[in-house]
Chemist: 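The structure under discussion is supplied below as structure tokens; questions concerning it will follow.
Each residue takes its place number in the sequence, starting with 1.
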Amino acid sequence: MCNMTFEETSGDNSSERMESVAQALEEVLSSALPQGCTTVGVYEAAKSLNADPDNVVLCLLATDDEEDVALQIHFTLIQAFCCENDINILRVCNMHRLAEILGGVKAGGEPTDLHCVLVTNPQSSLWKDPALSKVTRFCRESRCLDQWVPLINLPDR
């Protein structure tokens, strides 16, 4: 159900709202990482989505290069799968900031594939995170506005 007013979807409030959602997203990632509730990388995400889609609560698609055709094809397939399985999706700008949040280098020093990040529920209990609730609500409200994959810019710190 969509109960948004015009003032909530446009105007001065929208930039503050986007910053608030970006901050909530950072909190979600920061709390999910030590709990082992993240899957990073396009290939790893595809395997995880195929194995247990009901456990995924959020899918992030990140790129700073819109020209990579192969990556866009992967994104299209992942988006379709997530929509089919009622998984919230966000496009994320600022891969550098995403790498900072997730500690984006492998042990060998090579960069990690951060183009797709899944956040999953921990197996032990239901994860009631206010930041996750805020991001989920933002995704739901965006779908009501026919923005199926809303874009969030992670601000530099």
Side-chain angles (χ1 to χ4, degrees), residues 1-42 44-45 48-49 53-66 68 71-72 74-76 78-79 81-83 85-106 111-157:
M1 181 163 177
C2 302
N3 295 324
M4 296 176 57
T5 65
F6 180 72
E7 290 79 17
E8 291 172 317
T9 60
S10 63
D12 297 335
N13 189 5
S14 65
S15 64
E16 291 173 13
R17 183 168 179 261
M18 294 300 269
E19 287 176 22
S20 171
V21 173
Q23 183 178 3
L25 178 59
E26 287 187 35
E27 290 173 26
V28 167
L29 294 172
S30 296
S31 63
L33 194 59
Q35 295 182 55
C37 295
T38 57
T39 301
V40 179
V42 172
E44 291 79 6
S48 181
L49 284 167
D54 294 335
N55 197 35
V56 178
V57 295
L58 181 63
C59 176
L60 304 178
L61 301 174
T63 186
D64 290 334
D65 178 16
E66 298 293 326
D68 187 341
L71 186 60
Q72 295 306 319
H74 286 296
F75 280 3
T76 301
I78 290 169
Q79 286 173 24
F81 188 89
C82 289
C83 287
N85 289 279
D86 296 322
I87 298 169
N88 292 312
I89 315 166
L90 284 174
R91 286 294 288 252
V92 177
C93 291
N94 197 343
M95 297 265 307
H96 177 72
R97 179 65 187 135
L98 186 61
E100 288 175 353
I101 296 167
L102 296 173
V105 290
K106 292 180 182 174
T112 302
D113 172 15
L114 297 173
H115 292 108
C116 185
V117 178
L118 301 180
V119 177
T120 57
N121 273 321
Q123 297 292 338
S124 59
S125 66
L126 292 175
W127 189 26
K128 298 296 181 192
D129 182 353
L132 180 60
S133 296
K134 181 177 233 175
V135 172
T136 300
R137 186 173 51 251
F138 173 75
C139 290
R140 185 177 57 244
E141 291 170 353
S142 295
R143 283 192 300 273
C144 289
L145 298 171
D146 286 333
Q147 296 173 0
W148 289 90
V149 185
L151 180 68
I152 293 290
N153 185 27
L154 293 172
D156 288 319
R157 302 263 180 223

Chemist: Could you pull out all residues at least two apart from Asp156 that satisfy side chain to side chain donor-acceptor pair (under 3.5 Å)?
Modeler: Asn94
Chemist: Closest heavy-atom contact between Ala131 and Ala24?
Modeler: CB-O, 3.5 Å
Chemist: Keeping Thr136 on the side-chain end and Leu132 on the backbone end, is there a donor-acceptor pair under 3.5 Å?
Modeler: yes
Chemist: Would you please test Cys93 and Leu151 for side chain to side chain contact (heavy atoms under 4.5 Å, CB included) and show each step?
Modeler: CA-CA 7 Å; Cys93 291; Leu151 180 68; 3.4 Å; yes
Chemist: Under a 3.5 Å cutoff, is there a donor and acceptor pairing between the side chains of Asn88 and Arg143?
Modeler: yes
Chemist: From Lys134 NZ over to Leu25 CG, what is the distance, rounded to the nearest 0.5 angstrom?
Modeler: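 Lys134 NZ to Leu25 CG: 11.5 Å, rounded to 0.5 Å.
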Chemist: Do Ile152 and Phe138 have side-chain heavy atoms sitting under 4.5 Å apart?
Modeler: yes
Chemist: Is the closest side-chain heavy-atom distance between Leu61 and Ile78 below 4.5 Å?
Modeler: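 In short, these two side chains touch, coming nearer than 4.5 Å.
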Chemist: Rounded at 0.5 Å granularity, tell me how far CD1 in Ile89 sits from CG in Leu60.
Modeler: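 Taking CD1 in Ile89 and CG in Leu60, the distance rounds to 10.5 Å.
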Chemist: Using the salt bridge (charged side-chain N to carboxylate O under 4.0 Å, His left out) criterion, which residues pair with Arg137? Sequence neighbours excluded.
Modeler: none
Chemist: Check whether any side-chain heavy atom of Leu49 sits under 4.5 Å from a side-chain heavy atom of Val56, and report yes or no.
Modeler: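 Contact flag for Leu49/Val56 side chains = yes.
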Chemist: Nearest 0.5 angstrom please: Leu118 CG to Ile87 CD1, how far?
Modeler: 7.5 Å
Chemist: Is there a donor-acceptor pair closer than 3.5 Å between any side-chain N or O of Glu100 and the backbone N or O of His96?
Modeler: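 Not a single qualifying donor-acceptor pair exists.
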Chemist: Work out which heavy atom in Phe75 is nearest to a heavy atom in Ala62; give both atom names and the distance.
Modeler: CZ-O, 3.6 Å
Chemist: With rounding to the nearest 0.5 Å, note down the distance linking CG in Leu90 to SG in Cys139.
Modeler: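 Interatomic distance, Leu90 CG to Cys139 SG, rounded to 0.5 Å: 4.0 Å.
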Chemist: Considering the options Leu33, Leu58, Thr39, which one meets the side chain to side chain contact (heavy atoms under 4.5 Å, CB included) requirement together with Val119?
Modeler: Leu58
Chemist: Check whether any side-chain heavy atom of Leu98 lies under 4.5 Å from a side-chain heavy atom of Leu29, and answer yes or no.
Modeler: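 Result yes, sub-4.5 Å side-chain heavy-atom pair found.
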Chemist: On a heavy-atom basis, which atom in Ala22 and which in Asn153 lie closest, and how many Å separate them?
Modeler: CB-O, 3.7 Å
Chemist: Does any non-hydrogen side-chain atom of Leu102 lie less than 4.5 Å from one of Val117?
Modeler: yes
Chemist: Do Arg91 and Thr63 touch side chain to side chain, with heavy atoms closer than 4.5 Å?
Modeler: yes
Chemist: How far does CG of Asp68 sit from NE2 of His74, to the nearest 0.5 angstrom?
Modeler: 8.0 Å
Chemist: Rounded to the nearest 0.5 Å, what separates atom CD in Glu27 from atom CD1 in Ile101?
Modeler: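 That separation rounds to 10.5 Å.
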Chemist: With no hydrogens and no angle check, is any side-chain donor or acceptor of Ser30 less than 3.5 Å from a backbone partner on Glu26?
Modeler: yes
Chemist: Kindly say whether His115 contributes a backbone atom to a donor-acceptor pair with the side chain of Asp113 at under 3.5 angstrom?
Modeler: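 Judged by distance alone, yes, a pair lies under 3.5 Å.
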